[in-house]
Amino acid sequence: MIKKITQEQAWQIRHNVMWPEKPFDYIKVDGDDRAIHYGLFIETKLISVISLFINNEEAQFRKFATITTEQNKGYGSTLLRHTLIQAKLAGVQRIWCNARTNKSAFYQKFGLQATDQSFSKGGKEYLIMEKQLSTETT
Ligand SMILES: CC(C)(COP(=O)(O)OP(=O)(O)OC[C@H]1O[C@@H](n2cnc3c(N)ncnc32)[C@H](O)[C@@H]1OP(=O)(O)O)[C@@H](O)C(=O)NCCC(=O)NCCS
């Protein structure tokens with residue numbers, strides 16, 4: 001089941017999965033209090049999280065994470081698909097993300113395309129990927 005969650009719930013999974021060695025506050029981002037956070041649950045257990053930051057007709061999704069023991073089972077794909085649909089329903093025309101470069105093939109499966117913008121942060125390589133939602137039929 002997918003539902004909206006609080007920023008605090010998102011922070012817990014982000015920290016455990018992405019930066020467990022950093023202080024807890026490291027995974028918080030500006031605007032978390034205004035973002036929409038979605039979580040995928042199995043029964044009552046939170047498995048995967050993603051945060052959607054809408055800015056008029058554009059939106060960025062950030063801090064997408066599935067708990068380590070439940071990765072590669074399709075949960076993240078289900079959650080990302082849900083998020084793209086919700087963004088479109090909210091009137092978003094362009095959605096984008098800072099993708100870890102080694103994950104770009106994963107995002108391509110959802111119709112995101114690499115832009116020519118890339119950067120590195122915290123020793124990791126990133127690529128900006130985007131998708132136009134306005135022209136889609138689904
Ligand atoms: C990125 C992330 C959120 C994906 O979540 P996930 O729940 O593992 O996603 P899925 O299981 O849907 O897909 C992951 C892979 O498993 C594959 N997969 C999906 N369902 C599957 C299934 N039933 N059986 C086997 N493999 C499956 C997918 O095709 C995908 O393969 P790919 O990475 O080679 O493209 C997760 O890997 C994660 O938390 N990573 C660490 C944090 C991170 O890097 N976040 C993203 C920053 S850009």
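Atoms within a ligand are numbered from 1 in the order they appear, just like the ligands themselves. Note that the numbering runs from 1 along the sequence shown for the chain.
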So, regarding N98 and ligand 1 (criterion: nitrogen or oxygen to nitrogen or oxygen, under 3.5 Å), is there a contact or not?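 No: no nitrogen or oxygen of N98 is under 3.5 Å from one in ligand 1.
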
Is it the case that ligand 1 has an N or O less than 3.5 angstrom from some N or O of M18?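 Not met; the criterion fails.
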
Just going by heavy-atom distances, which of [options] is nearest to [atom]?
{"atom": "atom 11 (O) of ligand 1", "options": "A105, G74, S48", "result": "G74"}
{"atom": "atom 14 (C) of ligand 1", "options": "T101, N72, N16", "result": "N72"}
{"atom": "atom 38 (C) of ligand 1", "options": "M129, R100, Q71", "result": "Q71"}

Please write down residue, atom name and distance for the protein heavy atom closest to [atom].
{"atom": "atom 12 (O) of ligand 1", "answer": "S77 OG, 2.5 Å"}
{"atom": "atom 6 (P) of ligand 1", "answer": "T66 OG1, 3.5 Å"}
{"atom": "atom 33 (O) of ligand 1", "answer": "K103 NZ, 3.2 Å"}
{"atom": "atom 13 (O) of ligand 1", "answer": "F106 CE1, 3.3 Å"}
{"atom": "atom 42 (C) of ligand 1", "answer": "F64 O, 3.8 Å"}

Exercise check, heavy-atom protein proximity under 4.0 Å to atom 28 (C) of ligand 1: yes

Got a donor-acceptor contact below 3.5 angstrom from the [X] side chain to the [Y] backbone?
{"X": "T101", "Y": "E125", "result": "yes"}
{"X": "K63", "Y": "S51", "result": "no"}
{"X": "Q9", "Y": "T6", "result": "yes"}
{"X": "H15", "Y": "K22", "result": "yes"}

From V29, D33, V49, residue fulfilling side chain to side chain contact (heavy atoms under 4.5 Å, CB included) relative to Q7: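 Between Q7 and the candidates, side chain to side chain contact (heavy atoms under 4.5 Å, CB included) is satisfied uniquely by D33.
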
Using the side chain to side chain contact (heavy atoms under 4.5 Å, CB included) definition, which of the options I50, D32, I13 pairs with H37? D32

Taking only non-hydrogen atoms of Y107, do any sit less than 4.0 angstrom from ligand 1?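 Contact check Y107 vs ligand 1: positive.
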
Looking at ligand 1, is there an atom of it that comes within less than 4.0 Å of some heavy atom belonging to K109?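 In this structure, K109 qualifies as a contact of ligand 1 - some heavy atom is under 4.0 Å.
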
Is any side-chain heavy atom of Y107 closer than 4.5 Å to one of L127? no

Closer than 4.0 Å to some heavy atom of G76 - which atoms of ligand 1 meet that? 5 (O), 6 (P), 7 (O), 9 (O), 12 (O)

Distance filter under 4.0 Å to V17 heavy atoms, resulting ligand 1 atoms: 39 (O), 41 (C)

Can you tell me if Q113 has over 12 outside heavy atoms packed within less than 6.0 Å of its CD? no

Which of these passes side chain to side chain donor-acceptor pair (under 3.5 Å) with R94: E130, Q132, E57?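 Of the listed residues E130, Q132, E57, the side chain to side chain donor-acceptor pair (under 3.5 Å) partner of R94 is E130.
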
Would you verify whether the NZ or CZ of K121 falls within 45 degrees of the ring axis of W19 while also being under 6.0 Å from that six-membered ring's centre?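 That pair does not qualify as a cation-pi contact.
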
